[in-house]
Amino acid sequence: MDVLYFAWVRERIGLPKEQVETSAATVSDLVAELRAREPRYEAAFADLSALRVALDQELSDFDASLTGVREVAFFPPMTGG
Amino acid sequence: MDVLYFAWVRERIGLPKEQVETSAATVSDLVAELRAREPRYEAAFADLSALRVALDQELSDFDASLTGVREVAFFPPMTGG
Amino acid sequence: MRIAVQQEPFDLGAEANAFAAGDTGSGAIVTFTGVVRDLAQGDLDVMEIEHYPGMTEKALAKIANEAKARWSLGDVLVIHRYGRLAPGDRIMMVATAARHRKDAFEAAEYLMDYLKSRAPFWKKERTADGAEWVASRDEDEDALKRW
Amino acid sequence: MRIAVQQEPFDLGAEANAFAAGDTGSGAIVTFTGVVRDLAQGDLDVMEIEHYPGMTEKALAKIANEAKARWSLGDVLVIHRYGRLAPGDRIMMVATAARHRKDAFEAAEYLMDYLKSRAPFWKKERTADGAEWVASRDEDEDALKRW
């Protein structure tokens with residue numbers, strides 16, 4: 001599965017995109033796996049209330065299932081306009 | 001005093017502007033004088049709720065005093081924009 | 001602040017660009033443009049707009065100054081035409097610049113609501129069937145109550 | 001309906017004129033333009049806007065389609081830039097055309113409210129003191145509640 005990071009999430013983790021092999025059932029499960037990897041992931045995911053997630057380019061939430069999902073993106077609240 | 005007419009008030013009365021010698025104290029008094037003149041004035045002023053009045057180029061009302069006023073204008077509700 | 005009452009057409013794009021260029025401190029620019037619609041389904045030939053020279057400019061300046069007093073605005077523009085217009089012609093525009101979008105939007109709506117019912121313009125529509133003065137609408141008068 | 005996500009500057013006036021020319025049935029045209037403000041009082045050097053290619057266009061189209069479903073609109077335009085911008089540069093614009101001004105205004109405000117918080121753009125401000133991501137504002141999130 002492709003995992004994308006934007007804005008300060010990208011900066012903290014240090015890359016914009018990576019391929020992740022996972023059997024995580026939900027977004028929260030994936031976040032837990034990533035946090036366990038390295039301190040930079042732990043730092044990026046420390047406060048989930050400051051993060052948003054999109055599944056296959058649609059806004060979603062951390063309880064959502066990853067079944068069939070090909071692309072997960074993590075980023076801070078958007079500041080367009 | 002200059003009396004001006006706009007839109008269908010102008011069309012009913014048949015002129016855009018005239019000089020009126022009057023000692024009317026209020027706009028209503030002036031309207032009463034004008035209505036007494038001729039049927040075309042009577043027709044124009046038949047329904048005051050369909051008319052607006054400006055005194056010296058400021059919106060006013062039919063109870064207003066004419067003291068010191070040099071220009072009175074009668075017209076239907078405005079349709080700008 | 002610029003108020004223009006004119007017979008000539010105006011260029012919406014050129015006016016919008018000039019307005020935006022003149023106000024560099026504002027983050028938000030709103031424009032509203034009114035266009036002559038063919039109300040009578042295809043047979044409006046011409047719209048004639050009459051106004052009250054002398055009062056018109058004053059009334060528009062008063063409305064614009066009230067908007068400036070009420071919202072934090074960088075700048076305000078009002079252009080309103082009179083004379084003969086055809087369907088598709090642009091009748092008028094307002095523009096507002098403000099730090100915050102809410103102020104720019106509200107001020108533009110306020111200007112429009114007051115222009116509709118408190119600026120001395122009268123519209124007459126000429127069709128194949130004859131000419132008729134456009135009646136004021138109760139909802140335009142009601143729109144003033146929200147301010 | 002046109003949705004453009006682009007690095008290049010856009011010409012507000014040319015876009016407004018093209019939009020107005022393309023929609024002859026509407027009586028009311030509203031535009032909103034966002035400009036880079038110097039928030040940090042004179043020392044903003046550059047604003048960088050990051051976005052999510054692929055998702056951005058979809059998110060903007062979804063917001064525009066929701067506006068079209070909700071109001072009676074003749075047309076909708078959304079342009080949003082990404083990349084490096086300087087103070088005074090235009091970031092984005094929306095335009096709405098409708099028969100009635102209320103629809104055009106409300107739809108433009110709706111588009112802006114959703115663009116602010118639901119389109120995947122992130123702003124970073126670079127000043128003499130360093131660079132900082134612009135934080136989302138509670139009032140922008142709250143603005144969605146009125147729709």
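It should be emphasised that the depicted structure is a prediction, and the values quoted were computed from it without experimental measurement. Each chain gets a letter, A, B and so on, in the order the sequences are listed, and its residues count up from 1.
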| query | Is there any salt bridge (charged side-chain N to carboxylate O under 4.0 Å, His left out) pair reaching into residues 60-76 of chain D, and which pairs are they, with sequence neighbours excluded? | reply | A/E58-D/K62
| Residues in residues 101-116 of chain D that sit under 4.5 Å from chain C, counting heavy atoms only | D/R101, D/F105, D/A108, D/E109, D/M112, D/D113, D/K116
| query | Which pair of heavy atoms, one from C/N17 and one from D/A14, lies closest together, and at what distance? | reply | ND2-N, 4.5 Å
| field | Under the side-chain contact (heavy atoms from CB on, under 4.5 Å) test, residues paired with C/R84 that sit two or more places apart | value | C/V46, C/E48
| message | What part of C/S26 gets within 4.5 angstrom of chain D, counting heavy atoms only: side chain, backbone, both, or neither? | response | backbone
| message | Applying a heavy-atom distance below 4.5 Å, give me the residues of residues 27-35 of chain D that approach chain C, sorted by number. | response | D/G27, D/A28, D/I29, D/V30, D/T31, D/F32, D/T33, D/G34, D/V35
| Side chains of D/E139 and C/H100: does their closest heavy-atom pair fall under 4.5 Å? | no
| Over 12 foreign heavy atoms within 6.0 Å of CD, C/E132 | no
| query | Where do C/A20 and D/R90 come nearest, in terms of heavy atoms and distance? | reply | CB-NH2, 3.2 Å
